[in-house]
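Taking it in order: structure first as structure tokens, then the write-up.
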Amino acid sequence: MVTTKPTVKLSGLAHRLVRDGLLSEEQAQHAFDAALKKRISFVTYLVENDILDSLEIAHAASQEFGVPLFDLEVLDMGFLPTKLVDEKLIRTHHALPLFKRGKRLFLGVSDPTNLHGLDEIKFHTGLATEAVVVEEKKLTLGIEQAMQASDTSMSDLLDTDLDNLDITIEDGDERQDDGDMDIDEAPVVRFVNKVLLDAINSSASDIHFEPYEKNFRVRFRQDGMLREIASPPVNLASRLVARIKVMSRMNIAEKRIPQDGRIKMVLSRNRSIDFRVNTCPTLYGEKVVLRILDPTSAQVGIEALGFEKEQQDAFLEAIAKPYGMVLVTGPTGSGKTVSLYTGLNLLNQPDVNISTVEDPVEIQVAGINQVNQNTKTGLTFASALRAFLRQDPDIIMVGEIRDLETAEIAVKAAQTGHLVLSTLHTNDAPQTLTRLANMGIPAFNIASSVVLIMAQRLARRLCSHCKVPDDLPREALLEEGFEEQDLQGLTVYRPVGCDRCNKGYKGRVGIFQVMPVSEAMGRIIMEGGNSLQLAEQSRKEGVATLRQSGLKKVRDGITSLEEINRVTKD
């Protein structure tokens with residue numbers, strides 16, 4: 001007589017999925033048994049084996065158990081209260097702490113029937129636990145990101161740690177010793193350290209310490225805009241500046257001339273932040289500006305820069321060429337360096353020799369030979385380029401083409417089998433070609449060496465939590481540059497402002513004009529054509545202007561019309 005193993009009667013989420021017609025009873029039973037055998041959750045088995053979409057399962061779980069459904073993408077994984085729960089418990093029970101309210105801890109789970117896991121976390125934390133349903137795929141990714149961020153996040157640095165941050169100087173590994181500092185200076189040390197931490201936490205790009213006759217202010221540049229964050233007593237100005245100068249190994253006795261220095265702040269075993277420091281004498285003391293140089297800014301991936309599909313393809317095709325020149329243009333602070341280093345990271349392979357010369361090196365990357373320009377010693381862009389050409393290079397990056405000598409050597413390198421990346425300061429891509437001609441580069445050399453020019457700007461992203469539709473008349477939209485066909489179904493958003501953003505904006509996105517130099521453009525250059533002729537030819541070839549690229553971001557709801565008007569002038 002053959003005996004069959006009794007099956008477990010389906011209940012809970014499995015029963016709901018069968019009832020909703022998402023699974024047959026046989027499929028559900030097989031998945032349930034297989035999940036038990038593999039010692040993984042029923043939901044994990046369904047998603048890993050592509051039996052059901054994780055969003056469908058999350059909707060069903062939310063409706064079946066009356067538990068709210070939450071999108072993990074709206075949270076910053078670096079600021080979750082993961083320290084409240086042991087990592088082993090988080091991974092074992094596949095439950096991610098989302099936020100704490102009083103004595104209640106809200107946990108993101110894909111299967112709210114895991115009461116054993118909720119109870120165990122409740123026992124270990126002493127907090128009442130409440131489940132919030134999230135998609136399985138996003139939960140798995142979120143747990144990994146949160147665990148990684150917990151090592152590098154500064155949200156768990158307490159005030160008691162501010163005296164003991166690991167801060168090193170530019171050209172050495174020795175740690176600054178504050179032990180001999182007078183006790184009266186301890187508040188100054190703590191204040192400066194806190195400002196540095198707050199700047200990194202708020203994703204600021206620059207910190208300004210500004211002395212005036214009757215006040216002293218500290219400002220952060222966030223998303224390209226300056227914002228005042230503190231106003232210390234004016235009598236502390238000289239001591240705060242002196243502290244920063246000590247940290248960056250400057251001469252604290254010299255207050256009559258500008259000075260440059262560098263600070264390294266070690267946050268954890270695998271994350272450190274550099275600050276480029278500059279002082280400048282003003283009427284009422286020395287103004288200090290710190291540029292925050294985060295190496296991770298160039299590791300965001302090319303998809304995160306903001307390219308449209310055809311623009312990204314053109315850029316990747318250009319940097320994949322064995323020789324030629326790729327130029328990036330735009331004002332200071334428009335993200336040119338990050339764009340270039342994003343490309344260099346893609347090209348940085350063991351079989352490629354990459355050398356860069358910059359003023360100064362802002363992003364340090366292993367595997368790339370980086371040189372700081374130093375005019376005092378005669379190490380200019382031109383002299384460094386000459387040295388590179390004797391060092392068997394494949395790819396060369398020049399921080400900026402400022403003069404004819406540098407331009408001539410860069411063009412020569414591009415013509416003799418090297419890929420050259422560099423920047424110029426012009427308003428758009430067509431003007432870059434005429435700028436090179438005006439510098440004295442022969443038209444033939446420009447046409448035969450430059451393969452692509454990319455102009456860019458950075459626009460602030462609208463906050464996804466508080467943006468609202470903006471009711472603008474049809475005539476106003478047409479006047480701004482939208483085409484008649486764009487108005488069908490168009491929704492333009494405007495900023496509002498909430499506790500998760502900065503006046504309605506959070507983060508920035510690139511606006512690009514990516515112009516490959518075609519044969520037709522080469523002929524225009526050879527014939528002595530001007531930037532207007534080149535712009536007309538690029539329009540015929542379908543190259544979007546900066547304004548058109550910006551309006552596309554407005555149509556997609558990424559930024560506002562007001563912001564595009566601020567960063568583009570077309």
Side-chain angles (χ1 to χ4, degrees), residues 223-224 303-317 329-331 334-335 339 426-434 452-497 503-521 524 529-570:
D223 299 332
E303 294 80 9
L305 294 181
F307 284 116
E308 302 300 331
K309 177 67 167 60
E310 63 276 7
Q311 293 176 335
Q312 181 175 313
D313 291 344
F315 178 67
L316 291 175
E317 182 181 345
T329 180
S334 59
S339 294
T426 55
N427 290 328
D428 62 12
Q431 288 183 26
T432 304
L433 293 169
T434 53
L452 180 131
I453 300 171
M454 183 169 77
Q456 71 178 80
R457 302 289 187 274
L458 284 178
R460 292 178 291 171
R461 287 180 183 268
L462 283 167
C463 174
S464 59
H465 298 97
C466 65
K467 67 179 182 181
V468 296
D470 196 4
D471 187 17
L472 294 174
R474 176 177 168 278
E475 294 75 16
L477 293 172
L478 291 172
E479 199 172 303
E480 290 289 355
F482 287 106
E483 301 291 338
E484 189 71 47
Q485 62 267 23
D486 295 333
L487 302 184
Q488 185 67 32
L490 174 66
T491 302
V492 175
Y493 292 89
R494 62 178 175 85
V496 176
K503 296 182 179 179
Y505 297 96
K506 186 174 183 181
R508 290 192 286 179
V509 64
I511 309 293
F512 298 93
Q513 178 187 24
V514 181
M515 188 182 85
V517 179
S518 63
E519 289 185 11
M521 289 184 190
I524 293 173
N530 58 36
S531 59
L532 293 177
Q533 292 171 291
L534 290 166
E536 176 62 21
Q537 181 61 35
S538 72
R539 185 189 65 78
K540 290 178 181 177
E541 294 178 9
V543 175
T545 65
L546 283 167
R547 179 73 179 182
Q548 290 167 339
S549 294
L551 292 177
K552 174 70 165 60
K553 295 290 191 295
V554 174
R555 290 201 302 273
D556 294 341
I558 295 171
T559 189
S560 67
L561 194 54
E562 174 189 21
E563 182 67 4
I564 293 304
N565 286 334
R566 183 180 72 85
V567 300
T568 65
K569 303 295 183 184
D570 290 6

Side chain to side chain contact (heavy atoms under 4.5 Å, CB included) evaluation trace for F315 with L305
CA-CA 12 Å; F315 178 67; L305 294 181; 5.7 Å; no

Assess whether side chain to side chain contact (heavy atoms under 4.5 Å, CB included) is satisfied between K553 and V509, documenting all intermediate values.
CA-CA 9 Å; K553 295 290 191 295; V509 64; 3.8 Å; yes

Side chain to side chain contact (heavy atoms under 4.5 Å, CB included), that's the test. Do F482 and V554 meet it? Break it down for me.
CA-CA 10 Å; F482 287 106; V554 174; 3.8 Å; yes

Run D471 and V492 through side chain to side chain contact (heavy atoms under 4.5 Å, CB included) and show every step you take.
CA-CA 8 Å; D471 187 17; V492 175; over 6 Å; no

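Put simply, the side chain of L316 reaches to within 4.5 Å of the side chain of Q312, judged on heavy atoms. L472 has its side chain out of reach of E480: every pair of non-hydrogen atoms, C-beta onward, lies at least 4.5 Å apart. The side-chain heavy atoms of L478 and L487, taken from C-beta on, include a pair separated by under 4.5 Å. Using a 4.5 Å heavy-atom threshold, the side chains of S518 and E541 count as touching. Contact of the L477 side chain with the L490 side chain is registered, since non-hydrogen atoms from C-beta on lie closer than 4.5 Å. Contact annotation: the side chain of L546 approaches that of R457 to within less than 4.5 Å [non-hydrogen atoms, C-beta and beyond]. Side-chain contact check for P516 versus M521: every heavy-atom pair is 4.5 Å or farther apart. The shortest side-chain heavy-atom distance between Q456 and I511 does not fall under the 4.5 Å cut-off.
Side chain of Q537 to backbone of I524: no donor-acceptor contact under 3.5 angstrom is found. N530 places a side-chain N or O within donor-acceptor distance of the main-chain N or O of L532, the cut-off being under 3.5 Å. Side chain of S334 to backbone of L458: no donor-acceptor contact under 3.5 angstrom is found. Judged by distance alone, the side chain of D470 and the main-chain N or O of R494 form no donor-acceptor pair under 3.5 Å. Q431 contributes no side-chain N or O that, together with a main-chain N or O of T426, makes up a donor-acceptor pair within less than 3.5 Å. Listed for the S549 side chain is a donor-acceptor partner under 3.5 Å among the backbone atoms of F512. The backbone N or O of S464 sits nowhere less than 3.5 Å from a side-chain atom of K506 that would complete a donor-acceptor pair. Using modelled atom types, one side-chain atom of Q548 and one backbone atom of T545 make a donor-acceptor pair closer than 3.5 Å.
Taking OH from Y505 and CZ from R460, the interatomic distance works out to 5.0 Å, rounded to the nearest 0.5 Å. We find the CG-OG1 distance between L534 and T434 to be 7.0 Å, quoted to the nearest 0.5 Å. Atom OH of Y493 sits about 11.0 Å away from atom CG of D556, to the nearest 0.5 Å. S560 OG to R566 CZ: the interatomic distance, rounded to the nearest 0.5 Å, is 9.0 Å. Here the CG-CZ distance, from D428 to R547, works out to 14.0 Å after rounding to the nearest 0.5 Å. Remark: L452 CG to Q311 CD distance equals 10.5 Å, nearest 0.5 Å.
By the neighbour-count criterion of 12 heavy atoms within 6.0 Å, atom CD of E519 is sparsely surrounded, having that number or fewer from other residues, nucleotides or ligands.
In plain terms, the two heavy atoms of G557 and K467 that are nearest each other are O-NZ, 2.8 Å. When all heavy atoms of P469 and T491 are compared, the closest pair comes out as CB-CG2, 4.0 Å. Heavy-atom minimum distance, S538 versus M515: CB-SD, 3.8 Å. Across M454 and S339, no two heavy atoms sit closer than the pair CE-CB, 4.0 Å. Considering all non-hydrogen atoms of both residues, T559 and A459 come closest at OG1-CB, 4.3 Å. Across G529 and Q533, no two heavy atoms sit closer than the pair CA-OE1, 3.0 Å.
Here E308 pairs with K552 in a salt bridge; the nearest charged N to carboxylate O distance falls below 4.0 Å. Between R555 and D486 there is a salt bridge, since at least one side-chain N of the basic residue sits less than 4.0 Å from a carboxylate O of the acidic one. Taking the charged nitrogens against the carboxylate oxygens, E484 and R474 do have a contact shorter than 4.0 Å, which makes a salt bridge.
Under the side-chain contact (heavy atoms from CB on, under 4.5 Å) rule, I453 has a single partner from V543, V514, L433, which is L433.
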